[in-house]
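Below is one structure, written out as structure tokens; comments come after it.
Quick note on labels: first sequence line is chain A, next is B, and so on, each numbered from 1. Just so we're clear, the structure is a prediction, and the values are computed from it rather than from any experiment.
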Amino acid sequence: MQASKEDKIYTVMANIPPGKVASYGQVAAMAGLLNNARLVGRLLKLMPKDSSIPWHRVINSQGKISFPEGTAQYQKQYQLLQSEGVIFKNGRVNMRQFQWD
DNA sequence: AGATTGACATGCA
DNA sequence: GTGCATGCCAATC
């Protein structure tokens with residue numbers, strides 16, 4: 001049982017309610033890993049396919065999707081977020097909804 | 001074992 | 001607002 005940073009990260013991300021988004025740093029901070037934003041992103045990249053983690057609710061501190069536009073991933077995440085009620089403003093998400101508690 | 005990279009963040013110019 | 005530099009941690013080469 002690893003029970004480590006990634007475990008907390010998974011838990012935090014899984015706790016993100018629909019219609020809200022969180023930045024890597026935000027998730028990391030909540031997981032108790034303040035400077036480990038990279039850990040979050042690294043995990044998402046190597047995410048188990050059967051992990052019920054809403055990776056699309058995780059974005060960068062700029063309030064934007066971490067993928068370059070034109071990529072399927074970007075459009076997919078964009079679509080998912082919009083479908084959940086997330087408002088994209090000029091390619092950026094309203095960071096006000098960061099607080100979901 | 002050492003060096004490099006990565007779905008990042010923050011600070012300063 | 002943009003661009004460069006530094007930090008942090010684990011996986012990969």
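A/Arg38 has its CZ atom 13 Å from the P atom of B/dT10, to the nearest Å. Rounded to whole Å, atom P of C/dA11 lies 15 Å from atom CG of A/Leu44. If you take CG of A/Leu46 and C1' of C/dA11, they are 7 Å apart, rounded to a whole angstrom. The separation between A/Glu69 atom CD and B/dA7 atom P is 17 Å, rounded to whole Å. Put simply, CG on A/Asn60 is 16 Å from P on B/dG6, counting in whole angstrom units. For the pair A/Tyr10 OH and B/dA7 P, the interatomic distance rounds to 15 Å; values are reported in whole Å. Rounded to whole Å, atom P of B/dG6 lies 19 Å from atom CG of A/Asn36. When rounded to the nearest whole Å, the span between CD of A/Glu6 and P of C/dA10 equals 10 Å.
Applying the 6.0 Å contact sphere to CD of A/Gln79 captures no more than 12 heavy atoms from other residues, nucleotides or ligands.
Between B/dA7 and A/Ser66, no contact under 4.0 Å exists linking OP1 or OP2 to a side-chain N or O. Between A/Lys5 and C/dA10 there is a side-chain polar atom (N or O) within less than 4.0 angstrom of OP1 or OP2.
The base of B/dA7 is paired with the side chain of A/Tyr24 by a donor and an acceptor separated by under 3.5 Å.
Here the nucleotide nearest the side chain of A/Leu39, chosen from C/dA11, B/dA7, C/dC9, is C/dC9. Comparing B/dA7, C/dA11, C/dG7 by their closest approach to the side chain of A/Lys45 singles out B/dA7. Taking the side chain of A/Trp55 as heavy atoms from C-beta on, and the options B/dA7, C/dC8, C/dA11, the nearest nucleotide is B/dA7.
Of the two residues near DNA chain C, A/Asn35 and A/Arg42, the one whose nearest nucleotide lies more 5' is A/Asn35. The residue among A/Arg92 and A/Ala37 whose nearest nucleotide of DNA chain C is located toward the 5' end is A/Arg92.
The shortest non-hydrogen separation linking A/Leu44 to A/Tyr24 is CD1-CE2, 3.6 Å. Shortest non-hydrogen contact noted between A/Lys64 and A/Arg92 is CG-CG, 3.1 Å. The shortest non-hydrogen separation linking A/Leu34 to A/Ala29 is CD1-CB, 3.9 Å.
Residue-level contact check: A/Gln77 touches the bases, meaning some heavy atom is under 4.0 Å from a base atom.
At a threshold of 4.5 Å between non-hydrogen side-chain atoms, the residues A/Met13 and A/Met47 count as touching.
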